Number of protein chains: 2
Amino acid sequence: MTIHHPAKKDLELADVLHALSDPQRLRIVRLLAEDPAPRACGSFGLEISKSTRTHHFRVLRESGVIETRQEGTARMSSLRRDDLEERFPGLLDAVLEPAPA
Amino acid sequence: MTIHHPAKKDLELADVLHALSDPQRLRIVRLLAEDPAPRACGSFGLEISKSTRTHHFRVLRESGVIETRQEGTARMSSLRRDDLEERFPGLLDAVLEPAPA
DNA sequence: ACCAAAGTTCGAAGATCGTCGTATAATCGA
DNA sequence: TCGATTATACGACGATCTTCGAACTTTGGT
């Protein structure tokens, strides 16, 4: 059961924006950006159930925002920074920037 | 019945991203960016019903992406470029950039 | 005063979304 | 082999979203 990721050329702006428009997912992306080392889904301190977490990570993965590889029982996720930058230059940085007061 | 717009400081990133994550609304925003002169909602050549159009323009307005003022029977809309740039620097440009092949 | 034009409002239908609990699968260590 | 850990799969529920048509409002022109 291989994990599906969209190819870089298939990334859709609307899908990426939708993936980022949920507070939980935005939080995940921000945490991933702060510490670029791939992390297990369970290590984000999110106060949601396991199945909801799985759901959000799938949305992020299928829209092309994150990349996930199996490592033992854990799934290590990391941002697809370079792919996103190539397809939608400046988008991720704009989203990650802390909003000015 | 005054038209409600959120104040610049109240713009929420998740709301803006959600507003931009719909293909119809993304199209509207791109057309508004191409020709910065305020335009009537009906002049976008969208192939959707009037009520759907009203809905999309309301989502864009209430998320703070566009500004609308009454002018006769028409409602003239324009992008809130400066406000968006101040709150979320680089975001609008990244979204408007034509995706590279 | 009437009519046409531009939008809004009001349900309503159908799809998608976010969330959950339970059950299940895969891997690692004792 | 057993149990703990990590995560997915499968419904299910209510909420929200996109879309529509029909009725209404407001404005401007004739």
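This one's a predicted model, so the numbers in the text were calculated from it and none came from an experiment. All heavy atoms count here, side chains included; hydrogens, waters and symmetry mates do not.
One interatomic measurement links the two molecules: CZ of B/R69 to P of C/dG7, which rounds to 13 Å at whole-angstrom precision. We find that CD of A/Q70 is positioned 18 Å from P of D/dT5, with the value rounded to whole Å. For the pair B/M76 CE and D/dT27 C1', the interatomic distance rounds to 15 Å; values are reported in whole Å. If you measure from atom NZ of A/K50 to atom P of C/dT24, you get 14 Å, rounded to the nearest angstrom. With rounding to whole Å, A/I48 atom CD1 is found 15 Å from C/dG21 atom C1'. In this structure, CZ of A/R61 is placed 7 Å from P of D/dT8, rounded to the nearest angstrom. As a whole-Å value, the separation of A/R53 CZ from C/dC20 C1' is 13 Å. Per the geometry, CD1 belonging to A/I3 stands 8 Å off P belonging to D/dT8, to the nearest Å.
Counting non-hydrogen atoms under 4.0 angstrom, B/H56 reaches the backbone sugars and phosphates but no base.
Defined by atom type and a distance below 3.5 Å, a donor-acceptor pair is present between the side-chain atoms of A/T68 and A/S77. In summary, the side chains of B/T52 and B/S49 do present a donor paired with an acceptor at a separation below 3.5 Å, with no hydrogens or angles considered.
Residue A/V95 forms a side-chain contact (heavy atoms from CB on, under 4.5 Å) with just one option from A/L17, A/V29, A/V16, A/L26, and that option is A/L26.
Contact check, A/R75 against C/dA26: no side-chain N or O comes under 4.0 Å of OP1 or OP2. Put simply, A/R58 has no side-chain N or O that comes within less than 4.0 Å of OP1 or OP2 on D/dT8. Taking only side-chain nitrogens and oxygens, B/S49 never comes nearer than 4.0 Å to OP1 or OP2 of D/dT19.
At a non-hydrogen distance threshold of 4.0 Å, nothing from residues 11-35 of chain A comes into contact with DNA chain D.
A donor and an acceptor atom never sit less than 3.5 Å apart when one is taken from the side chain of B/T73 and the other from the base of D/dG28. Between the side chain of B/S51 and the base of D/dG21, at least one donor-acceptor pair of N or O atoms lies under 3.5 Å.
Map A/T52 and A/G72 each onto its nearest nucleotide of DNA chain C; the residue landing nearer the 5' end is A/T52.
Taking the centre and axis of the six-membered ring of A/F44, the NZ or CZ atom of A/R27 falls outside the cone set by 45° and 6.0 Å.
Nearest heavy-atom pair across B/R30 and A/L13 is NH2-CD2, 3.5 Å.
Of the candidates C/dG18, D/dC20, D/dT18, C/dG18 carries the atom nearest the A/H55 side chain, counting heavy atoms from C-beta on.
With B/R25 contributing its side chain and B/L60 its backbone, the two residues share no donor-acceptor pair below 3.5 Å.
A salt bridge links B/K8 with B/E86: the distance from a Lys NZ or Arg NE/NH1/NH2 to an Asp or Glu carboxylate oxygen falls below 4.0 Å.
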